[in-house]
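All figures in this text were calculated on a predicted structure; none of them were measured in a lab.
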Amino acid sequence: MDAFIASLLAVALAEVGDKTQLLALFLTAVFARKFPIVCGIFIATVLNHAVSAWFGMWIAEHLNQTHLTWIVAISFIAVGLWLLIPDKDDAVDEKYMQWGALVATTILFFFAEIGDKTQIATVLLAANYQNFSMVLVGSTAGMLLANVPVVYLGAYLMKFLPFKQVRIGACILFLLLGVATLLRHYYF
């Protein structure tokens with residue numbers, strides 16, 4: 001259950017103000033029907049984060065526990081500090097829009113997640129907790145928790161989200177995950 005909660009919170013907080021959240025807002029403005037956008041976010045996240053969680057599990061199997069602990073702890077701290085840097089709005093490839101909301105969202109979200117903070121967090125969480133299914137379910141739920149309200153409430157919600165404070169909160173969460181990883185290895 002720890003893997004699920006940590007994954008849910010880490011991804012949901014890291015996603016606020018992220019480029020994929022801005023992509024969700026853009027897609028909401030382009031397409032009238034919102035449910036296919038949500039389905040596309042879900043499909044892309046499951047596919048992307050399944051590969052990420054698998055990779056995290058693979059890393060955990062091939063490194064000794066001490067090296068893994070230090071790599072994961074330092075990486076959590078690095079991602080936490082990275083969260084303090086706001087994302088820039090990347091240009092959207094308009095050629096996918098012709099295929100409709102579901103296909104466009106799935107493709108754009110999948111590619112936007114490659115190398116993104118939440119994808120890296122999923123790799124780290126899977127390596128740390130070594131629980132593929134709970135990390136995948138938690139990270140997917142966190143992605144949906146952060147993006148579904150944007151899809152349905154759009155611009156209205158974006159006016160009131162304190163991005164800077166959420167980024168700081170997410171940074172603190174990742175720093176704590178890094179410290180907890182070290183403490184769990186050496187003291188528990």
Side-chain angles (χ1 to χ4, degrees), residues 1-21 23-24 35 37-63 65 68-83 105-106 109-110 112-153 157 161 165-188:
M1 195 57 134
D2 288 346
F4 171 79
I5 293 169
S7 299
L8 174 92
L9 291 175
V11 170
L13 287 173
E15 185 64 14
V16 174
D18 192 68
K19 67 183 172 218
T20 46
Q21 197 173 50
L23 176 60
F35 186 69
I37 297 170
V38 171
C39 291
I41 293 169
F42 175 76
I43 293 166
T45 302
V46 167
L47 294 173
N48 190 293
H49 288 200
V51 171
S52 302
W54 172 84
F55 185 61
M57 298 289 294
W58 182 86
I59 289 170
E61 288 176 19
H62 290 86
L63 291 176
Q65 194 58 45
L68 178 64
T69 297
W70 279 99
I71 290 168
V72 169
I74 290 168
S75 297
F76 273 138
I77 292 167
V79 169
L81 296 173
W82 183 14
L83 285 166
T105 302
T106 302
F109 255 80
F110 183 84
E113 272 297 291
I114 294 174
D116 195 52
K117 291 175 268 229
T118 50
Q119 182 190 41
I120 293 168
T122 302
V123 171
L124 296 173
L125 289 158
N128 189 44
Y129 289 102
Q130 299 178 22
N131 188 331
F132 175 86
S133 58
M134 286 294 103
V135 169
L136 177 60
V137 171
S139 67
T140 300
M143 184 68 81
L144 293 172
L145 184 64
N147 284 297
V148 170
V150 171
V151 170
Y152 286 103
L153 301 175
L157 184 62
L161 280 174
Q165 288 82 0
V166 173
R167 267 197 300 276
I168 291 169
C171 172
I172 291 168
L173 175 65
F174 275 89
L175 294 175
L176 290 173
L177 283 169
V179 170
T181 299
L182 291 172
L183 290 174
R184 191 175 74 222
H185 178 70
Y186 287 104
Y187 297 107
F188 299 105

Let me confirm one number: the [atom1]-[atom2] distance from [X] to [Y], rounded to the nearest 0.5 Å.
X: Glu113; Y: Ile41; atom1: CD; atom2: CD1; result: 10.0 Å
X: Leu176; Y: Thr181; atom1: CG; atom2: OG1; result: 10.5 Å
X: Phe109; Y: Leu23; atom1: CZ; atom2: CG; result: 5.0 Å

Report, one line per pair, each donor and acceptor closer than 3.5 Å where one atom sits in a side chain of residues 56-63; sequence neighbours left out.
{"residue": "Trp58", "atom": "NE1", "partner": "His62", "partner atom": "ND1", "Å": "3.4"}
{"residue": "His62", "atom": "ND1", "partner": "Trp58", "partner atom": "O", "Å": "2.8"}

In terms of heavy-atom contacts, Ala112 and Thr20 come closest through CB-CG2, 3.4 Å
Keeping to residues at least two apart or across chains, list the side-chain hydrogen bond (donor to acceptor under 3.5 Å, both in side chains) pairs with something in residues 3-13. none
Do the non-hydrogen side-chain atoms of Leu183 and Val179 ever get within less than 4.5 Å of each other? yes
Sequence neighbours excluded and cut-off under 3.5 Å, please list the side-chain donor-acceptor pairs for residues 144-153, or say none.
{"residue": "Asn147", "atom": "ND2", "partner": "Glu15", "partner atom": "OE2", "Å": "3.2"}
{"residue": "Asn147", "atom": "ND2", "partner": "Met143", "partner atom": "O", "Å": "3.0"}

Enclosure of Phe42 CZ (heavy-atom neighbours >12, cutoff 6.0 Å): no
Judged by atom type as modelled, is there a donor-acceptor pair below 3.5 Å linking the side chain of Ser139 to the main-chain atoms of Leu136? yes
If the condition is side-chain contact (heavy atoms from CB on, under 4.5 Å), which residues does Ala3 pass it with, not counting sequence neighbours? Tyr129, Asn131, Met134, Val135
Got a sec, which residues hit side-chain contact (heavy atoms from CB on, under 4.5 Å) with Thr106, two or more places apart in sequence or on another chain? Ile43, Ala44, Leu102
Only pairs under 3.5 Å count here: list side-chain donor-acceptor contacts from residues 119-126, not counting sequence neighbours, and write none if there are none.
{"residue": "Gln119", "atom": "OE1", "partner": "Gly115", "partner atom": "N", "Å": "2.5"}
{"residue": "Gln119", "atom": "NE2", "partner": "Asn48", "partner atom": "OD1", "Å": "3.1"}
{"residue": "Gln119", "atom": "NE2", "partner": "Ser52", "partner atom": "OG", "Å": "3.4"}
{"residue": "Thr122", "atom": "OG1", "partner": "His49", "partner atom": "ND1", "Å": "3.3"}
{"residue": "Thr122", "atom": "OG1", "partner": "Thr118", "partner atom": "O", "Å": "2.8"}

Lys117 and Val11: side-chain contact (heavy atoms from CB on, under 4.5 Å), yes or no, with the steps? CA-CA 8 Å; Lys117 291 175 268 229; Val11 170; over 6 Å; no
Across all chains, not counting sequence neighbours, the side chain to side chain donor-acceptor pair (under 3.5 Å) partners of Tyr186 are Trp70
